[in-house]
Each structure stands twice: as structure tokens, then as C-alpha cells.
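Encoded as C-alpha cells, the structure appears first; notes follow it.
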Amino acid sequence: METKELPKEMKMDNPQGDDNKKIKKGKTPFQLAMGRFMKNKAAVISVVVLLLIIVAVIAAPLITSHDPTESNLRNIEKGPSSEHYLGTDSSGRDTFARMLYGGRVSLIVGFSAMIFTLVIGVILGSIAGYYGGRVDSIIMRFADMMLILPFLVLVLVVVSILPKVTIGIFVAVIALTSWPGLTRIVRGSYLSLREQEFVLGAKAIGARDFRIIFKHFIPNAIGPIVVNATLMMASYIIAESALSFIGFGIPQPTPTWGNMLSEAQSIRILQNNPEAWIPPGLAILVTVLCINFIGDGLRDAFDPKSSKRS
Amino acid sequence: MYQYIIRRILIFIPMLFFLTVIVFALLKAAPGDPYSRILDPEISAQDLEDLREAGGLNESIVVQYVNWVTAATKGDFGESFRYVGRDVSDLIMSRLPNTIYLSIFALAITLIVAIPIGIYSARNPYSPLDYFATGFGFFGLAVPNFFFGLVAIYLLSVKLGWFPAQGYMSSSSGDGFAAFIDRLHHLVLPGLTLGLASTASYMRYMRSEVLSVLGSDYIRTAKAKGMTERTVLYKHTLRNAMIPIITLFGFEIGALVSGAVITEGVFTFPGIGMLLIESIGTRDYPVIMAITLLLGVFILVGNLIADILYSIVDPRIRYD
């Protein structure tokens, strides 16, 4: 995505723009925010780096011919070679292939957990914030209850009860334990919207609740929702890797960046094979850093008032 | 203010109740009960049933909850599944002091590093150190603490041999002052690891708070009155900038708790976080739930203290 190309596309959506180039009206707040986002260098670079990482993990079969789960006990803990770029792990699996395929799993877990949380958070937050009253207090008390325990500890305990953990179950556990934060944010922004005149107007012309929520509330609260969803994804990637690292996340032999780092719990590998555990750690670091920069960029873009550098 | 404090304490009570409900529900959802672990071949199914009856497991769920909470308030969480015959509370108490030392150490590092640097960055914005601190802030929030811990072990322990990588004390640590130093020596790496993320976020907050206070009218007035830079900084700026830091402390307790679990795992540091990991590995549910409850209580009390401090420090806030 080049910065210069975007205004043209925006004008395409905007019939006035074609006739008179000076008219800047007609851009939606969302388009304005995207314009501001594109001016944020750190955020745009982060988007590019993140896209490169995504392309690399999607194209994993083209980049490496090794199977990330195929172990070879005759060839364990080998150093880097032209056959195995980053050597092999304690089960003789190719570390480079596990990096790429592991990135897939880590990103999929982070992304799908984020989407899942977003769905729960927006639905419950919308119900609580739009209807208020009893429903609101029930949902929010329940959210408060869930917020007492830190999400990592809660996930850890829930995982300990489950007989078996798969990627799907893991994602569900994350989403079901971390929705309250987003629910609070959605509800909070609805509370001020509820009193606005355009909502009254929509009600007066007989719009149904569902329509009001989708057409008026969500678009107006999109800033905080998008920003928090982005930052949530970063924290999920860290949570997945931390839990996999201590052995309670995605079970082996499925590769994830966290799983690969757990190799370094053996002091021998930690000491002798840094090429086995430093790359996945750096991959997590770079990915999370990019997502955080994008999140900050989005925050500044959606809420220009908050753009003090911090 | 007193009204607020009383109201805040009253909110604490239902939160504590909710916490016990969650933990009890999780305990009940966990497979097995204290008697399903008995492997004695002499024991018949009937005997086990009698034991369950005597242990109150056939009562209604509400009665069981009340019994459990009553016992828990006395510190009785039953026996560990893994260490047969060992009380859960006993097990926790043997590990708890280590975690407390680790947390205090991490918090001390955080405050000692973050506050001065935050102030410096705000007073000299866009200076080289400010850029460095900002970069460090982004890094500190993005690096998973266990990866940082591993790198620290690799560089400072394995390569340079400066600090021990595991445990909380040497086997031959001597006593008195030497033992204290030995303990402290073992705390350095886990403490740095645990403190990293909070150092980064405190630094960022401190910087933006001091910056916004420095721009306010009363600071200009104070300077106009001819007060020295020092007085303005310590008497006017810092007192106001510290207020949100106290709130942040409330939020950070949760992060500190979950960070401690992972950090202790990396350094096999024998605190309750490590105990939690071990207990999850062996499905030792009474211990898991007791620790979960304990961590929850820590967080609730920490938030309570933060809120009360907040109302004392900032008399401007009105609560109605």
C-alpha cells in the first residue's frame, strides 16, 4: 500500500471529489482516520513488516521442504547446516520449518482469539450499553467477576481442568476468559452515544434496535474497538507463547513459537543451540512490536486529541 | 473521603464472594475428588462411598460451598493430591515468602528505574536519553518476559557467569549477611525479568504525566512567583504526577501476579508461581485452587489499597 495512492481511491468513493479536487468534505471519519494512520511512519512500516511475516508463514511450503512435525531421532540438536538452516531440535525436527509453520499457528491463534473475543465483547457490550438497566448490571457484574483474576492465570487454571487441549479449545478458552475488558470498553462508549440526538432521531423514525446498534452505535465506537482489538491480538500472541512455553498451551508436536522456546528449558540447548530458541523469540518480539505500533497508530488516527507521544 | 473509603470497602466484600464462587466452581468442574486418588486395593467401592459421605461430598452444592469457604477462612484447603498427607496451606506457606521477596525486588527495581528516567524524559523531551527510554518502553512492553529471562540466563549466567540461573539460594550459602547477599544474588535475574514490563509502562506513564503537569497553569504561576526549579519539581509537579501512578499500581498487580508465574517457571524459582505450574502438571487441584484464590485475594486487596491511597492523595476527586 503506497501512501500516495490512497487519496485517489477515497475520491473515487466520493463523487464530489472527482469534479472538484479541493473539496475535502464527504470523507467519513473512518477514511479521515486512515489518512492520518498512513502518515504515521512507524505504523506503516509495521504494517509492511507484519505483511511480510504473514506472507512468509503462508508460503511456508514453498520456502522449506521439511515437515515441521517429522522427527528424526538420528539427527537431533544439530547446528545450522545447508540442509537445516537453523539446525534441528531435540526431536530432530527442522527448526527453520518449525519457525514458519509455528508462526502460522501463533498468528492464527492470536487472530482467531481476537475475532472471537471481538464477537463476544461487542455483542455483550452492545446489549449492556444499549439497553442499560437490569441486563446491563447483570452483564457488567459478571464481567467484573471475570476481571478479578488476571487472564493468564484464569486460562492456566481452565486449561488444567480440560482433559485435552487443541488449537480450537485454546482459542475458545482465551476468548471466554478475556471478553470482559472489551465489553467494558464497548459499553462505556455506548453510554455517551445513547444520549445523543441522532439516536433519538433514529428511534423516532422507527428504526429497530438492531439497526440502531449496527448503523449508529458500532460505527461511532469503532475507534476504541479497533484499537483494543489490535492490542488484544498482541497480548494473545504473548499469552499463547508463554503458556506453550511452560507446557500448558498448544500441545506438541504442533509447532508454535512458544513451543519452540520451551526447548530452551533444557539448559543444554539453552547453552549450546542458541539458534534453536533465539529466532522464535525474536519472531514473537518483532510481531508483537509491529502490532503494538499499529495499535498506537490506530489510536492516534482515531483520536487525534490523544496523540501526545508516549 | 471517608464515605468513599467505606463504600469502597463494602464493594470489596461482594468481589471477594464472587472470587470464592469462581474458584469453587472451577474446583467442582475439575475431575476427581480427594478420595478418587486412593489407590489402596483393600478399599472397596462401598468404603470410598462412605468416605465421600463422611467428607460431606454428598451434600448439596451450597452446603459444600459453605463448608469449603468456612474451612478456607481458617486456612484449611485440605490435603494435596500429590504430596499425600501434606496440607495445602503448609505447602503454600513454604513457597509464599520467596514469591513475596521476588515481587518486592521487582517492584523496587521498577520504581527506582522508571520514576527518575520518566521524570528526566519529561523534562528533556526529545533528548537522546528520552529517545532511548521511549525505545526501551516499546521493547519492554513487546518482549515476552520468559524470552527476556532466557536471554538473560544465556548472556549473564551461562556466558558471563555473573548471576545464578536457577533456584533461590546456594546450597552452601553460609548464614547471616552472607546468606542475605546470596539470596539477593539469586533474585537479580528473576527480579529484572519480572520488573521489565512494569518498568516500561511506569516509565511511559511517568513521562506523559510529568509532561502534562509541566504544561499546566499552576506550574507557570509557581515559576512566575520565582520559585526554584527544585521546589516546582518536587512540591508541585511530582505530587500531581504521582497520582495516576498509584492507580497504575492497582492495574499492575494483576500483571505482576501472572508475570511471577511465568518468571518463576523460567528460573525454576521455588515460589507459589512455580508451585502452581507444578500442580497443574500433576493435576493437583486443591493446590491449584488454593493458589488461584490466594492470587485473587492479593489482587483484590491491592486494588483496594490503590483506590484508598488514590482518594487520600488526590482530595480534588469527588465521589458522588
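Small disclaimer: the values here were computed from a predicted structure and weren't measured. Proteins get letters first, then strands, A, B, ... in listed order; numbering begins at 1 in each. Excluded from the calculations below are hydrogen atoms, water molecules and symmetry mates; all remaining heavy atoms, backbone and side chain alike, are included.
- Proximity of Phe17(B) to Val69(B): side-chain heavy atoms (C-beta onward) are nowhere separated by under 4.5 Å.
- Here the CH2 atom belonging to Trp277(A) is positioned 6.0 Å from the CZ atom belonging to Phe147(B), to the nearest 0.5 angstrom.
- A 4.5 Å side-chain heavy-atom check between Phe269(B) and Thr263(B) finds every atom pair outside the cut-off.
- Residues of residues 170-183 of chain A lying under 4.5 angstrom from chain B, judged on non-hydrogen atoms, do not exist here.
- With hydrogens and angles disregarded, a donor-acceptor distance shorter than 3.5 Å links the side chain of Thr282(B) to the backbone of Glu278(B).
- Only the side chain of Val261(B) comes within contact range of chain A, judged by heavy atoms closer than 4.5 Å.
- Looking at Phe139(B), the atoms closer than 4.5 Å to chain A (heavy atoms on both sides) sit in the backbone and in the side chain alike.
- Within the 4.5 angstrom heavy-atom criterion, only side-chain atoms of Leu300(B), from C-beta onward, approach chain A.
- Within residues 159-167 of chain A, the residues having any heavy atom less than 4.5 Å from a heavy atom of chain B are, in residue-number order, Val159(A), Ser160(A), Ile161(A), Leu162(A).
- The main-chain N or O of Ile272(B) is found under 3.5 Å from a side-chain atom of Thr99(B) such that the two form a donor-acceptor pair.
- Looking at Trp68(B) and Leu27(B), their side chains come closer than 4.5 Å, going by heavy atoms from C-beta outward.
- One side chain, Glu240(A) or Ser244(A), offers a donor N or O that lies under 3.5 Å from an acceptor on the other.
- Only the side chain of Phe293(A) comes within less than 4.5 Å of a heavy atom of chain B; its backbone N, CA, C and O stay farther away.
- Looking at Leu19(B), the atoms closer than 4.5 Å to chain A (heavy atoms on both sides) sit in the backbone and in the side chain alike.
- Here the closest non-hydrogen pair linking Ile277(B) and Gly265(B) is CD1-CA, 3.7 Å.
- Between Ile138(A) atom CD1 and Arg134(A) atom CZ the span is 6.0 Å, to the nearest 0.5 Å.
- In this structure, chain A has no heavy atom under 4.5 Å from any part of Ile291(B).
- Both the backbone and the side chain of Val151(B) come within less than 4.5 Å of a heavy atom in chain A.
- Checked by atom type and distance alone, the side chain of Glu264(B) pairs as donor or acceptor with a backbone atom of Gly273(B) at under 3.5 Å.
- Although no hydrogens or angles enter the test, the distance criterion places a donor-acceptor pair under 3.5 Å between the side chain of Arg104(A) and the main chain of Val57(A).
- Contact annotation: the side chain of His186(B) never approaches that of Phe267(B) to less than 4.5 Å [non-hydrogen atoms, C-beta and beyond].
- Going from atom CZ of Phe148(B) over to atom CG of Leu189(B) covers 8.5 Å, rounded to the nearest 0.5 Å.
- Most heavy-atom pairs under 4.5 Å with chain A: of the set Ser121(B), Ala255(B), Ser258(B), this distinction falls to Ser258(B).
- Within the model, atoms CZ of Arg207(B) and OG of Ser212(B) stand 11.0 Å from one another, a figure rounded to the nearest 0.5 Å.
- Among the residues in residues 227-237 of chain A, none has a non-hydrogen atom closer than 4.5 angstrom to a non-hydrogen atom of chain B.
- If you measure heavy-atom distances from Ile280(B) to chain A, the contacts under 4.5 Å come from both the backbone and the side chain.
- Salt bridge Asp296(A)/Arg204(B): present, at least one basic N to carboxylate O contact under 4.0 Å.
- With sequence neighbours left out, the side-chain contact (heavy atoms from CB on, under 4.5 Å) criterion links Leu191(A) to Arg187(A), Arg194(A).
- Contact of Ile299(B) with chain A is made through the side chain alone, with heavy-atom distances under 4.5 Å.
- Val47(A) is listed as a side-chain neighbour of Phe37(A), based on a closest heavy-atom distance under 4.5 Å.
- The closest side-chain heavy-atom distance from Leu150(B) to Tyr154(B) is not below 4.5 Å.
- Side-chain atoms of Asp144(A) do not come within 3.5 Å of backbone N or O of Met15(B) as any donor-acceptor pair.
- Taking chain B as the reference chain and counting heavy-atom pairs below 4.5 Å, the highest number among Ser262(A), Ala242(A), Ala239(A) is found for Ala242(A).
- Looking only at heavy-atom pairs under 4.5 Å with chain A, the residue among Leu141(B), Ile262(B), Val23(B), Leu276(B) that has the most is Ile262(B).
- Of the atoms belonging to Met203(B), not a single heavy atom falls under 4.5 Å from chain A.
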